[in-house]
Q: 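Mind looking over this structure? Questions follow.
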Amino acid sequence: MRTDDDTDIITIVGTEIDGLMTALLLKHNFPTKLIKVIHGFEDWECRTPSQSSGYMFKEQFLNRLNLNEHDFMIKTDATYTAGSYYSGFGKTDFPNHLGSYPLFYSHNEYHCFQGYILGWKQLKNKWLAPNHFYDGDIPLIQDNFPMSYTFDTAKFRDYLLELCELNGVYIDKAIYTRVELDNHQQIKRLHGTDGNYYTSDWWIDNTGPRRLLSSFIDFKWKSWGAHTPASSHIYFETPAMEEYNLFTFYKALDIGYLWRAPLYGRTANGITHNYELQSKNGPDIHKVLEKIYKHPIEYKVKSNKYPVGCFDKMWNGNIILIGQSSSLLEPLEGLNVMLSLLQTNCLINALPSKDKKSVNEDYNDLMDNILSYVQMHYLTQRKEPFWKKEIKQTDFLKEMLPRWQVRLPRDRDFTHRLKMFGPLSFINLIAGLDLYTKARYEEEARLYSYGQRVWISKELKKTKDWEESCLRMSHKEMLKLIHTKNLKNTERTIY
């Protein structure tokens, strides 16, 4: 009889970044298992030229695998980011920091109050506040706001493939021809163009939206088309910013929204819009871009009329779906990387016991949480067809938005088994989109315990004193030092 330890072979099909991260983490956690990556296709399409890593990437990937942060940044043209900045979505522009669980690590659910005071009011007034460097490291801003990265997707893929080869993940450049199923409708063999076939205990579909493996098994697609107006993207690059932002910039347009994020030496840009609305009576996108950038912009359409949604399961039979093989949504807030990390953690915990039920329950809660968070971005007062396209609110938002209008969101509101976004991620959108009664929030702030208010004041003063003692440098200067490897053992501050 086979035991759990007899699960010897785990095969990742496809070389999307989602599954390559999974391969490395599986090898790290199960060093005796044979972890294989099969290319599956001759070509690889870079659908999103740049991505944000999200707030958990450094802790859950770089640190976990003992990877050098600067080596990663140099090889992927990465820059630092502290979150997102939204223009034209609300009455005034507003930030959304990366703060997650919890700000100040307070031991009560009112850390959301601190998120409101510091995350919303403080950062709104001083978004480019100093952030501290230690010999090139950025720890948390005031130990509360985690830093993240924006990186070149194709270079990150090359970096991951290099790491796989260095860390004992077997890479096979075989090209898929067909899938053979057994009598239980599970994958028996994968056949390649070279005449060979491949067997495995578990198969991970890492073929992105092509979804090579899931199409053969009973995975059911749940469309999110009724919940979001976005259905198409374009991407293009522009020269480097004079000074690199510490955020991804989102600007609401009549036809959708534009985003802009710095990479080392250049800037990644994109527009998300609705394919049907744009095709029927929308303005020419070239003219829209020329008006914004003051010169003609050439772009390639990376995805038109893509189906937004997710599958009903992450693990079915002997197939596991990761990243964009399991779901597809617009490129907001580092969703793809964080989704892959959370799914992989879920899989690692359940793989020894083969607890598919728990994995699928966690996955469905995670998908519901992500959809509600993304949908929040569209609850604006804008009148254009894209923004006024009728969308169906998620059950979670139907229940919680009336409550959040008069009081801050709290931990107990989020009953998901697994979630990416909690109260601190929602609070800036609630305030920035004016979905709350400000007087009630301010009253709640005034009623907050005196001891906590005093503590916050002391933390802010301590940070100010800290800033004054630091050597200051810009984001771009810091990245130049990383790339030239000229960092000194000196405390530094970015501004």
Side-chain angles (χ1 to χ4, degrees), residues 16-17 44-54 57-58 62 68-87 98 127-128 131 133 136 138 147-162 233-251 253 256-273 285-286 288-303 330-337 473-487 494-495:
E16 299 291 334
I17 64 171
W44 175 78
E45 180 187 9
C46 183
R47 293 178 304 280
T48 309
S50 76
Q51 296 193 46
S52 171
S53 68
F57 177 79
K58 183 173 184 180
L62 294 183
N68 183 278
E69 179 195 42
H70 294 170
D71 182 58
F72 152 73
M73 296 187 75
I74 291 169
K75 290 180 177 177
T76 64
D77 288 344
T79 57
Y80 289 108
T81 177
S84 305
Y85 193 88
Y86 291 92
S87 176
L98 291 165
W127 178 239
L128 289 177
N131 311 293
F133 285 98
I138 302 185
M147 296 299 288
S148 182
Y149 314 91
T150 300
F151 55 77
D152 180 293
T153 305
K155 291 188 176 184
F156 184 52
R157 175 178 176 267
D158 292 340
Y159 171 74
L160 293 175
L161 286 168
E162 176 187 325
H233 307 314
I234 63 168
Y235 300 101
F236 54 96
E237 288 188 352
T238 52
M241 301 174 179
E242 184 175 344
E243 175 50 68
Y244 297 149
N245 289 339
L246 269 175
F247 51 83
T248 298
F249 177 73
Y250 292 93
K251 180 177 178 58
L253 307 173
Y257 63 84
L258 175 144
W259 60 265
R260 185 182 305 149
L263 293 170
Y264 187 71
R266 62 197 189 283
T267 305
N269 306 257
I271 285 183
T272 297
H273 61 94
I285 292 182
H286 284 95
V288 172
L289 291 174
E290 187 170 350
K291 183 177 180 180
I292 295 170
Y293 289 88
K294 310 303 181 188
H295 60 81
I297 294 289
E298 293 300 321
Y299 66 86
K300 292 183 179 179
V301 177
K302 292 293 181 180
S303 51
E330 59 227 70
L332 273 171
E333 310 266 7
L335 288 172
N336 191 43
V337 173
M473 67 173 64
S474 72
H475 188 185
K476 183 175 280 189
E477 288 173 325
M478 185 65 209
L479 293 174
K480 283 181 181 177
L481 288 178
I482 290 174
H483 278 257
T484 56
K485 302 180 180 178
N486 285 326
L487 290 168
I494 186 172
Y495 63 92

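Computed from heavy atoms alone, side chains included, the values below leave out hydrogens, waters and symmetry copies.
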Q: Quick check for you: to the nearest 0.5 Å, what is the distance between N68 atom CG and I74 atom CD1?
A: 7.5 Å
Q: Identify the heavy atoms of V337 and I17 that sit nearest to each other, and give their distance.
A: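 Scanning both residues, the minimum pair turns out to be CG2-CD1, 4.4 Å.
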Q: Atom OH of Y86 and atom OH of Y250: how far apart are they, to the nearest 0.5 Å?
A: 5.5 Å
Q: So do Y299 and L289 actually touch side chain to side chain, heavy atoms under 4.5 Å?
A: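 Yes, their side chains come closer than 4.5 Å.
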Q: Which class fits the ring pair F151 and F57: parallel under 30°, tilted 30 to 60°, perpendicular over 60°?
A: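 It falls in the tilted class, 30° to 60°.
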Q: Cut-off 3.5 Å, side chains only: do S148 and S53 have a donor facing an acceptor?
A: yes
Q: With side chain to side chain contact (heavy atoms under 4.5 Å, CB included) as the test, would you mind laying out the steps for Y293 and L258 before giving the verdict?
A: CA-CA 12 Å; Y293 289 88; L258 175 144; 3.6 Å; yes
Q: How long is the span from the OG atom in S84 to the CG atom in N245, to the nearest 0.5 Å?
A: 11.0 Å
Q: Roughly how far, to the nearest 0.5 Å, is CG of L263 from CD of Q51?
A: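 Here the rounded value is 11.0 Å.
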Q: Rounded at 0.5 Å granularity, tell me how far CH2 in W259 sits from CG in N269.
A: 7.0 Å
Q: Set out, in order, the CA-CA distance, both residues' side-chain angles and the distance that settles side chain to side chain contact (heavy atoms under 4.5 Å, CB included) for I292 and I297, then state yes or no.
A: CA-CA 10 Å; I292 295 170; I297 294 289; over 6 Å; no
Q: Hey, does R266 have a side-chain heavy atom less than 4.5 Å from the side chain of D152?
A: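 With C-beta onward as the side chain, the pair touches.
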Q: Strictly distance-based, threshold 3.5 Å: is any side-chain N or O of K476 a donor or acceptor partner for the main-chain N or O of M241?
A: yes
Q: A side-chain contact here means heavy atoms from C-beta on lying under 4.5 Å apart; do H273 and I285 qualify?
A: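 Contact flag for H273/I285 side chains = yes.
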Q: Distance-only, no hydrogens or angles: does the Y264 side chain make a donor-acceptor pair with backbone N or O of A240 under 3.5 Å?
A: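 No; zero donor-acceptor contacts below 3.5 Å.
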Q: For residues G265 and Y244, report the shortest heavy-atom separation together with the two atoms involved.
A: N-OH, 2.9 Å
Q: Looking at A261, is its backbone amide N or carbonyl O close enough to the side chain of T150 to form a donor-acceptor pair, meaning the two atoms are under 3.5 Å apart?
A: no
Q: Rounded to the nearest 0.5 Å, how far does NE2 of H70 lie from CG of L62?
A: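 Going from CG on L62 over to NE2 on H70, the span is 10.5 Å.
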Q: Below 4.5 Å, heavy atoms only, C-beta onward: do L479 and Y80 meet side chain to side chain?
A: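 The answer is yes; the side chains approach within 4.5 Å.
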Q: For the residue pair Y149 and F72, is the inter-centroid distance of their aromatic rings smaller than 6.0 Å?
A: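 Aromatic pair counts; centres sit under 6.0 Å.
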Q: Taking the side chain as every heavy atom from C-beta outward, state whether E69 and I482 have any atom pair closer than 4.5 Å.
A: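 Result no, sub-4.5 Å side-chain heavy-atom pair not found.
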Q: Would you indicate whether the side-chain heavy atoms of L161 and R157 approach each other to under 4.5 Å?
A: yes
Q: Does any part of the side chain of R260, heavy atoms only, come nearer than 4.5 Å to the side chain of T238, both counted from C-beta?
A: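 A side-chain contact under 4.5 Å is absent here.
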